[in-house]
Amino acid sequence: MLYNSGSRTKEVFKSLKPGKVGMYVCGITPYSDSHLGHGRCYVVFDTLRRFLTYLGYEVNYIQNITDIDDKIINKSLETGKTPAEISRKYFDLFMDSMEKLNVAPASNHPKVTGNIPEIIEFVEGLISKEFAYERGGSVYFRVSSLKGYGSLSGREDAQEENLASRVDLEDEKADSRDFAVWKKDEEHGWDSPWGKGRPGWHIECSAMSRKFLGDEFDIHGGGLDLIFPHHENEVAQSRALTGKEPARFWVHNGMVTLKGDKMSKSTGNFFLLNELLSKIEGPVLRFYLLSAGYRQLLDFTIEKVEGVKNSFLKLKELKKELENSDLEYDGEISTNNPAILALLDDLNTPRAIGEIFKLTLPVLEKIYSGSAEKDEMEAAWEMLRIVEEILGVDLKDTGHGEISDEDIENLISERNAHRKEKRFAEADAIREKLSLMGIIIKDTPSGTKWVWEKGIEDIDE
RNA sequence: GGCGCGGUACCCAAGUGGCUUAAGGGGCCGGUCUGCAAAACCGUUAUUCGCCGGUUCAAAUCCGGCCCGCGCCUCCA
């Protein structure tokens, strides 16, 4: 079951072609650093992709790069760099963050600038079918010519809406709802039948999804804030040209808020992804992002991430214990696994995580007390595979900075020697020293153990 | 104003008619353990699901009204 924003209900997911899924997710416009809201979106769709892959689908995942638009051009004017340099730089930074979040690259990341001929062809098609008209070197989509416009975002009845705020610059449009599919631009434009210009905001996705996935494909995703006008206009263009509904499922992720308001560049209310990732481990941040349902609003606070980190560490510890046991596990992930059943219900990651803890944490306790049965450990291992392979939360030990394992072990035996001799001040000094390096000591009945724990540094405002 | 989403314990978050006298996680507090800590373990933490009515043998779950928060309607993941 997957929630379809198009019908506003959960529907049984079935791909158009057996065994294959075509998924298009709107990518970023790389004109400055990405923030946590972007991170959430791509973590969600990466998780969906992983899950579909687990279910046996071959997923063709297309995520575009809008590498030419007003903001990039503005940035270019400010910095003196070319639009290509700017988009390259911020896209690379974005991909860096994605890697830390364990988000795999899409099957293809097509650029707008690499698909201009297809876009021009698309616009010509719209004009020849009289869904679009040319005015002063720009081309506009005639909203009134397409019946059913507005069904995705629930504004079929909207007529000339909000004239006051929209009319200002584009008074060449025949109707205030009309939107540009091609914008006149002498400086940063490409040659076209209408003179120099560049693509309008929505046409790129229509043209590229069509090129890479066909007239009809399975899933179209993106942030909730893209439903209108972006996705609405996108469907309008595609339907006008092909007469078909481009996407079977519309999947939209909820917004990330900060202090109750949407994270957004324009308001200055955001946390940058790369900054966050320099202070919080990628897997912890990813786990946090998946701790709320993907359609739910997610209000970011450091305290919540701290909470997630603590539970994450337990799973990590469980993995270590299982690996150190003599258990050899190579079973499959059962489709009856309660966590899988949760994911089958509209990718319910919070419920899946609940199921995972319900089953794994008691096993960790039993391992500590030495009473874990083999089948319990195998069941726990299966859950950890779900965490790593489907949720994409890496539980690998990531190392621990400067100090070597050997040095740690030496300091620990030194401390234990002091303790034996009841020189507690010295012993505690060593414990404190290790603690400052992030090494936490645990005295257990079976000897002293240690873990490395990356703290979350203070994050200001 | 129009369209949409949401309000479950200290926090996060499942559950959407009986299987729940409301999962799971975090936190807090008390106890065991410990030289002291940490870890671990045991116990405690919503007779109640924003408020008020209604439907039903039965509701957090359905219906109506109200209150509150958020998103979109302009660029936005």
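Put simply, the side chain of A:Asp428 and the base of B:G35 share a donor and an acceptor less than 3.5 Å apart. A donor-acceptor contact under 3.5 Å is formed by the side chain of A:Arg431 with the base of B:A37. A donor-acceptor contact under 3.5 Å is formed by the side chain of A:Asp443 with the base of B:A37.
Using a 3.5 Å distance cut-off with no hydrogens or angles, the side chains of A:Glu204 and A:Thr66 do pair a donor with an acceptor. If you check the side chains of A:Thr257 and A:Asp299, you find a donor sitting under 3.5 Å from an acceptor. Between A:Thr448 and A:Asp443, the side chains place a donor N or O and an acceptor N or O closer than 3.5 Å (distance only, hydrogens not considered). Side-chain contact, A:His202 with A:His231: no donor N or O sits under 3.5 Å from an acceptor N or O.
Contacts of A:Ser291 with the nucleic acid, taken as non-hydrogen atoms under 4.0 Å apart, involve only primed sugar atoms and P, OP1 or OP2. As judged by a 4.0 angstrom heavy-atom cut-off over every strand, A:Ser153 is placed among residues touching the sugar-phosphate backbone only. Residue-level contact check: A:Ser266 touches the bases, meaning some heavy atom is under 4.0 Å from a base atom. Residue contacts shown for A:Gly221 are absent, as no nucleic acid heavy atom lies under 4.0 Å away. Within the 4.0 angstrom heavy-atom criterion, base atoms lie near A:Ile441. Contacts of A:Lys265 with the nucleic acid, taken as non-hydrogen atoms under 4.0 Å apart, are absent. Counting any heavy atom pair closer than 4.0 Å across all strands shown, A:Gly39 reaches no nucleic acid atom. Base contact: A:Gly37 has a heavy atom under 4.0 Å from a base atom. At the heavy-atom level, A:Gly307 lies under 4.0 Å from the strands shown only through sugar-phosphate atoms. A:Val256 comes within contact range of at least one nucleobase, with a heavy-atom separation under 4.0 Å. A:Ile227 comes within 4.0 angstrom of no nucleic acid atom, judged by non-hydrogen atoms across all strands. Among the atoms of the strands shown, none is found under 4.0 Å from any heavy atom of A:Ile356.
Of the candidate nucleotides B:G15, B:G71, B:G6, B:G6 has the atom nearest to the side chain of A:Gln296. Residue A:His35 places its side chain closer to B:A77 than to any other of B:G35, B:A14, B:A77. The side chain of A:Arg155 has B:G2 as its nearest neighbour among B:G35, B:G2, B:G25. Closest to the side chain of A:Lys442, from the set B:A38, B:G35, B:A77, is B:A38. Comparing B:G15, B:G27, B:G35 by their closest approach to the side chain of A:Asn310 singles out B:G27. The side chain of A:Asp261 lies closest to B:G71, out of B:G71, B:A40, B:G25. For A:Lys314, the side-chain atoms get nearest to B:G26 when compared with the rest of B:A77, B:C11, B:G26. Considering only side-chain atoms of A:Thr29, the nucleotide from B:A77, B:A37, B:A14 that sits closest is B:A77. Nearest nucleotide to the A:Ile28 side chain, out of B:G26, B:A38, B:A77: B:A77.
Taking every heavy atom of both residues into account, A:Arg40 and A:Leu298 meet most closely at NH1-CB, 3.5 Å. Nearest approach of A:Ala380 to A:Leu359, heavy atoms of both residues: N-CD2, 3.8 Å.
Taking atom C1' on both B:C3 and B:U8, the two are 27 Å apart, rounded to the nearest angstrom. Here the separation of B:G15 from B:G7, taken at their C1' atoms, is 15 Å to the nearest Å. Straight-line distance between the P atoms of B:G6 and B:G25: roughly 26 Å, to the nearest whole Å. Only the P atoms considered, B:A37 is 11 Å distant from B:G31, to the nearest whole Å. Between the C1' atoms of B:G27 and B:A13, the separation comes to 14 Å (whole Å). Straight-line distance between the P atoms of B:C49 and B:A60: roughly 7 Å, to the nearest whole Å.
Regarding contacts with the backbone of B:C75, every side-chain N or O of A:Asn74 stays at 4.0 angstrom or more from both OP1 and OP2. Neither OP1 nor OP2 of B:G35 sits under 4.0 Å from any side-chain N or O of A:Lys420. A sub-4.0 Å separation between OP1 or OP2 of B:C72 and a side-chain N or O of A:Lys262 is present.
Annotation: of the two residues near RNA chain B, A:Leu364 and A:Tyr3, the 5′-most nearest-nucleotide partner is A:Tyr3. Each of A:Lys422 and A:His202 was matched to the nucleotide of RNA chain B holding its nearest heavy atom; the match closer to the 5' end belongs to A:Lys422.
Less than 6.0 angstrom separates the ring centroid of A:Phe300 from the ring centroid of A:Phe271.
In RNA chain B, stems built from 3 or more consecutive Watson-Crick or G-U wobble pairs, each with both distances under 3.5 Å, span B:1-7 with B:67-73, B:10-12 with B:24-26, B:29-32 with B:40-43, B:50-54 with B:62-66.
Side chains of A:Tyr149 and A:Arg239 form no contact here, defined as non-hydrogen atoms less than 4.5 Å apart. Using a 4.5 Å cut-off on side-chain heavy atoms (C-beta onward), A:Leu384 and A:Leu318 make contact.
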Begin from the C-alpha positions of A:Ser144 and A:Arg142 and carry the test side chain to side chain donor-acceptor pair (under 3.5 Å) through to its verdict.
CA-CA 6 Å; A:Ser144 61; A:Arg142 191 187 303 279; 5.3 Å; no

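In this structure, A:Phe357 does not pack face-to-face on the six-membered ring of B:G24, missing the 5.5 Å centre cutoff or the 30° plane limit.
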